[in-house]
Amino acid sequence: MARGEVILAIDQGTSSTKALLVDRHGHVLASASAPLGQTHPRPGWVEQSPAEVLASVTAATRSCLDGHDPALVAAVGISNQRESMLLWERSTGEPVTPIISWQDRRTAARCASLVADGFGETVRDVTGLPLDPMFSATKGAWLLDHADPDRSRSRNGDLCLGTVDSWLLSRFGGEHLIEIGNAARTQLLDARAGRWDPGLLEVFGIPSQVLPRVVASTGPFPTVRGLPPLPDGVPVAAVLGDSHAALFAHAGWRPGRVKATYGTGSSVMALSQDTTAADTGLCRTIAWATGTESGAIAHAVEGNILSAGSTLRWLAETVGRTPAELADLADGASSDGVHLVPAFGGLAAPWWDSNAQATLVGMTLATRLPQIARAALESIAFQVEDVVAAAGPHEVLLADGGAAANPTLMQIQADISGRKVHQSLVSDLSAIGAAHLAGLTCGLWTQSELEEFDRPVRVFSPRTGAAERRRTRTAWHQAVARARATDQPTCDKPTDPPLTGGTP
Ligand SMILES: Nc1ncnc2c1ncn2[C@@H]1O[C@H](COP(=O)(O)OP(=O)(O)OP(=O)(O)O)[C@@H](O)[C@H]1O
Ligand SMILES: [Mg+2]
């Protein structure tokens, strides 16, 4: 193989970093992953260590390139978990804070007070997103309140506030940048224009000087530095949010496609040029932009589910099993009327209810672990269907992500949705999507070659009738209503502890 013939794709996810080597025909030559932990300093709080994120990127890269000549890498493509935020010193690159995870709900009360002050509509109109603690804006404000209360260091340019893509890019190349799709998830971006919105920066108390420069998904990005055994100077040719990257890998630029990525949480996304706010509980967002600076913007609709694979992980840890063992128990079992509504940190799309509480209903003395495991899997599918149904008429749902590897879940999804589910037989589609765009950008393949790449799927067809589907979804919605029958935010604490620094 000639030099510069492969793409190294790095997917920095919530529970791990994955790395893939993709050849010029789109085939995966090598893959590796490195796990990543998270801490829960308080109920509703979720943090990750910036240093551990970097270490997992380095470890995954090193083990992916093991036995391969690093000089073969033409370019790097990055996909990443979105909305998570951290603060670092511009001069040294040293983190000042931990990463507040997208899953963190500490700013629920702040969001509620902004909504009470009447900012909900403006925020939704400008950004396409409901005012919810999942997005970065209130996380950024919280970090600044603790590390730079009067914002003087932010205004002086001493500090950098950024998402995970910003953090990785700054460590590679020094400049403070953010990819436009990631920027669209901060709740600070005008999603029509692709620019920071000065009015929203004011509302959230975030000085513009602390924010990164917004660039297209194809850059220009810095070249990679300090990622052995990759030689310094290999270009980063694409950056995409993980969900956006998965849509790209499903050839999501073709009209009428909708996909669900089943990871820690789940994201349902489809391209849509409708940039007006629709009252369906879905978000408007930017899928990607190619070309120069903010380039040609591809708009999308998206719905996020906070607890998907993490529901299974929580149950597995609670009962001392693995997610795979629970999936085996659930296979062939019936939930017997048990419903688990995994509102561990409230509910996101389409409900957007921070006060909802995780709820297990319908148990009898006959209820055992298989019923609860089945209810946990079904909760993922019910939540995805609630969002897909809001996204419009789609006969086929494209599926990917760690939990989508589970055939029981895929059949449950087809049965609950009454749609065909196309399970990707290629894993790590977020990394693949980053590779696909990177190869296009650096000229390793053309758009028409990309169209022809293999995208193998296994098709799951519905086995239930419409009446049965209506009955089960009604029972699910009754369980959701019970989870929502509360008005107390779960993580509304009167005082905050001091910041612990970059490594929790
Ligand atoms: N057999 C299984 N059935 C269902 N879910 C599973 C199974 N095995 C693992 N999972 C779930 O898959 C999730 C991991 O998926 P994935 O690797 O796509 O997530 P991630 O990339 O780390 O997170 P994210 O993409 O949300 O940032 C875990 O939450 C885990 O519980
Ligand atoms: Mg992922």
Side-chain angles (χ1 to χ4, degrees), residues 14-15 38 40 43-44 46 103 105 260 262-266 304-349 351 353 355-387 399 401-417 421 423 460 462-464 468-486 490:
T14 310
S15 54
Q38 54 187 29
H40 304 272
V46 188
Q103 304 163 95
R105 311 300 285 177
Y262 300 75
T264 305
S266 184
N304 291 89
I305 290 143
L306 297 174
S307 289
S310 58
T311 309
L312 220 59
R313 194 163 151 180
W314 164 80
L315 185 60
E317 283 168 8
T318 305
V319 299
R321 307 279 184 109
T322 64
E325 285 168 350
L326 288 186
D328 281 348
L329 282 179
D331 186 21
S334 160
S335 55
D336 288 342
V338 174
H339 284 286
L340 170 59
V341 183
F344 296 105
L347 290 171
W351 315 107
D353 184 350
N355 296 343
Q357 295 189 344
T359 305
L360 189 57
V361 298
M363 288 189 294
T364 68
L365 286 174
T367 301
R368 296 287 179 271
L369 191 53
Q371 284 74 44
I372 298 175
R374 180 85 184 183
L377 275 187
E378 288 178 354
S379 76
I380 301 173
F382 278 124
Q383 292 182 100
V384 166
E385 177 54 22
D386 282 342
V387 176
N406 176 347
T408 309
L409 174 59
M410 294 294 95
Q411 186 59 53
I412 291 172
Q413 186 70 71
D415 291 344
I416 282 175
S417 294
V421 176
Q423 173 201 43
F460 291 82
R463 292 179 187 161
T464 49
E468 168 69 0
R469 280 200 298 279
R470 260 198 309 278
R471 191 189 62 73
T472 53
R473 282 195 75 209
T474 301
W476 161 253
H477 287 141
Q478 283 166 352
V480 170
R482 294 173 79 158
R484 300 184 64 197
T486 168
T490 43

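In this text, all values refer to a predicted model and were calculated from it rather than measured experimentally. For reference, positions follow the sequence shown, starting with 1.
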Gap separating the [atom1] atom of [X] from the [atom2] atom of [Y], nearest 0.5 angstrom:
| X | Y | atom1 | atom2 | answer |
| --- | --- | --- | --- | --- |
| Phe460 | Leu409 | CZ | CG | 9.0 Å |
| Leu306 | Arg105 | CG | CZ | 5.0 Å |
| Ile372 | Glu378 | CD1 | CD | 12.5 Å |
| Ile412 | Glu385 | CD1 | CD | 13.5 Å |
| Leu369 | Leu315 | CG | CG | 6.0 Å |
| Ile416 | Thr464 | CD1 | OG1 | 8.5 Å |

Under a 3.5 Å distance rule, please check whether [X] uses its side chain to pair with a backbone N or O of [Y] as donor and acceptor.
| X | Y | result |
| --- | --- | --- |
| Gln411 | Thr408 | no |
| Asp415 | Arg463 | yes |
| Ser310 | Thr264 | yes |
| Arg321 | Thr318 | no |
| Ser417 | Ala414 | no |
| Gln423 | Ala399 | no |
| Gln383 | Ser379 | yes |

Any side-chain heavy-atom pair of [X] and [Y] under 4.5 Å:
| X | Y | value |
| --- | --- | --- |
| Leu347 | Val341 | yes |
| Val480 | Phe382 | no |
| Arg473 | His477 | yes |

If I compare all heavy atoms of [X] with all of [Y], which pair ends up nearest, and what's the gap?
| X | Y | result |
| --- | --- | --- |
| Tyr262 | Ile380 | CD2-CG2, 3.6 Å |
| Gly362 | Val338 | O-CG2, 3.7 Å |
| Thr472 | His339 | O-CE1, 4.4 Å |
| Pro342 | Thr311 | CB-OG1, 3.4 Å |
| Arg313 | Pro323 | CA-CG, 4.4 Å |
| Ala330 | Leu377 | CB-CD1, 3.8 Å |

Between Asp336 and the options Met363, Gln371, Arg374, the side-chain contact (heavy atoms from CB on, under 4.5 Å) test singles out Gln371
Residues 304-336 vs ring-ring contact (aromatic ring centres under 6.0 Å, His included), sequence neighbours excluded, gives Trp314-Phe344
